[in-house]
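Proteins come first, then strands; the chains are lettered A, B, ... in the order of their sequence lines, and each starts at number 1. Note that these values count all heavy atoms, side chains included, but never hydrogens, waters or copies made by symmetry.
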Amino acid sequence: MHRGGPAVSPDVTGAGPRLHAAVLAWFDDVGRDLPWRDPDCSPWGVYLSEVMSQQTPVARVLPVWERWLERWPTPADLAADSPGEAVRMWDRLGYPRRALRLWESAAAMVERHDGQVPRDHDDLLALPGVGPYTAAAVASFAFGDPRTVVDTNVRRVLARTVSGTQHAAPALTAAEMRLADASMPADRDAANRWNAASMELGALVCTARAPRCDDCPVSHLCAWQLAGRPEHDGPPRRGQAWHGTDRQVRGRIVQLLRESPDPVPRRDLDGTWPDDPTKVERCLAGLVEDGLVEPAAGGYVLPR
DNA sequence: AAGCCGTGGAT
DNA sequence: TATCCAAGGCT
């Protein structure tokens with residue numbers, strides 16, 4: 001947490017301890033008993049939960065996580081199966097390339113880390129599909145190494161409580177990273193709990209759309225609250241288009257292959273976007289390029 | 001370093 | 001119905 005750079009804000013030093021105490025107490029009280037928070041959960045279980053939760057709500061992750069751990073209790077079990085089965089078991093969590101990278105990372109654990117989830121932060125970061133968030137989260141939650149975990153929840157909680165703005169910046173900035181580092185409790189155990197607790201506060205109370213400030217344990221010291229909860233001021237935040245995009249068509253193609261035990265004939269894929277066969281062709285080529293789909297006798301399949 | 005990459009619930 | 005948004009990562 002002491003990474004150099006200028007002091008972030010006088011408020012952090014002043015409100016920090018009170019912020020920590022209130023959020024940690026709240027977390028002990030109402031934090032969810034998610035199975036990967038069980039002290040007996042394996043690092044592999046924590047690792048799976050973090051990758052599955054990238055851009056996917058916890059409620060949808062839970063049943064898939066249970067099935068994965070039952071079928072593949074260790075990285076070696078997954079690596080011994082086919083990547084296509086990983087994509088199939090991924091079901092509808094979205095962004096199926098994450099399943100592919102999970103399989104690749106399991107293979108890397110077998111090759112380089114004796115079949116274990118690596119404890120070292122840099123080793124974690126080197127795994128496919130693992131970026132700054134996931135590496136820090138696994139280090140902290142699976143191994144008690146208090147790296148600064150910065151996800152969309154933490155960013156929003158700090159933007160409001162400390163910076164006094166409704167939303168965090170569109171993309172993670174260096175200033176935000178410094179703020180998150182400076183906001184970490186000094187005590188190792190408290191830091192690890194803070195990582196989970198600040199995420200949980202953002203997920204349950206300090207939400208993006210309709211924050212439940214009446215139920216917030218730190219509303220009394222929240223800079224945004226004290227400023228009268230000013231509306232976002234700046235360029236409009238842009239959502240991503242969906243209808244008619246390659247993403248939509250790619251999703252339909254992969255869904256068909258997931259649900260079929262046999263190769264899916266090329267002509268059946270045209271139904272995923274009847275208006276424009278060239279779009280289907282382009283998306284299919286992209287999926288093959290990405291390793292999510294393979295040509296086979298009689299059509300296309302998930303990678304074997 | 002913006003834009004791409006799925007899916008479905010909530011409002 | 002349309003829009004927002006969810007424990008990001010990669011190029």
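At a cut-off of 3.5 Å, with distance as the only test, no side-chain donor of A:D262 or A:S260 sits close to an acceptor on the other residue. Side-chain atoms of A:Q255 and A:E259 include a donor-acceptor pair closer than 3.5 Å.
Note on A:A137: nothing from the nucleic acid sits closer than 4.0 angstrom, heavy atoms only. Heavy atoms of A:W36 sit under 4.0 angstrom from at least one base atom. Across all strands shown, A:T207 has no heavy atoms under 4.0 Å from either base or sugar-phosphate atoms. Among the heavy atoms of the strands lying under 4.0 Å from A:R32 is at least one base atom, whether or not backbone atoms are also near. Using a 4.0 Å heavy-atom distance criterion, A:V58 is classed as a base contact. Looking at heavy-atom distances under 4.0 Å, A:L125 makes no contact with the nucleic acid at all.
Residues A:C222 and A:R160 approach most closely at SG-O, 3.6 Å, considering heavy atoms.
Here chain A contacts DNA chain C (any atom closer than 4.0 Å to a heavy atom, that is under 4.0 Å), and the contacts span C:dC4 to C:dC10 from 5' to 3'.
Where A:V130 and A:R37 each meet DNA chain C at their nearest nucleotide, the meeting point lying more 5' is that of A:R37. When each of A:S49 and A:R101 is assigned the nucleotide of DNA chain C bearing its nearest heavy atom, the one mapping closer to the 5' terminus is A:S49.
Distance NZ/A:K279 to CG/A:D246: 5.5 Å, rounded to 0.5 Å.
Between the C1' atoms of B:dA2 and C:dA7, the separation comes to 23 Å (whole Å). To the nearest whole angstrom, the two P atoms, one in C:dT11 and one in B:dG6, are 14 Å apart.
The backbone N or O of A:L93 lies less than 3.5 Å from a partner atom in the side chain of A:T56, making a donor-acceptor pair. In this structure a side-chain-to-backbone donor-acceptor pair under 3.5 Å is missing from A:R252 to A:W273. Under a 3.5 Å cut-off, the side chain of A:E289 and the backbone N or O of A:A285 do not form any donor-acceptor pair.
Note on A:W36 and A:L124: same hydrophobic cluster, where clusters join Ile, Leu, Val, Met, Phe, Trp and Tyr whose side-chain heavy atoms are under 4.5 Å apart, directly or indirectly.
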Exercise for review: Output, in order, the C-alpha distance, side-chain angles, deciding distance and verdict of side-chain contact (heavy atoms from CB on, under 4.5 Å) for A:Q240 and A:T245.
Suggested key: CA-CA 10 Å; A:Q240 298 161 324; A:T245 60; over 6 Å; no
Revision key, fill the gap. Readout for nucleotides 5-11 of chain B: B = base within 4.0 Å of protein heavy atom, S = sugar-phosphate only, - = neither; 5' to 3' it is BBBBBBS
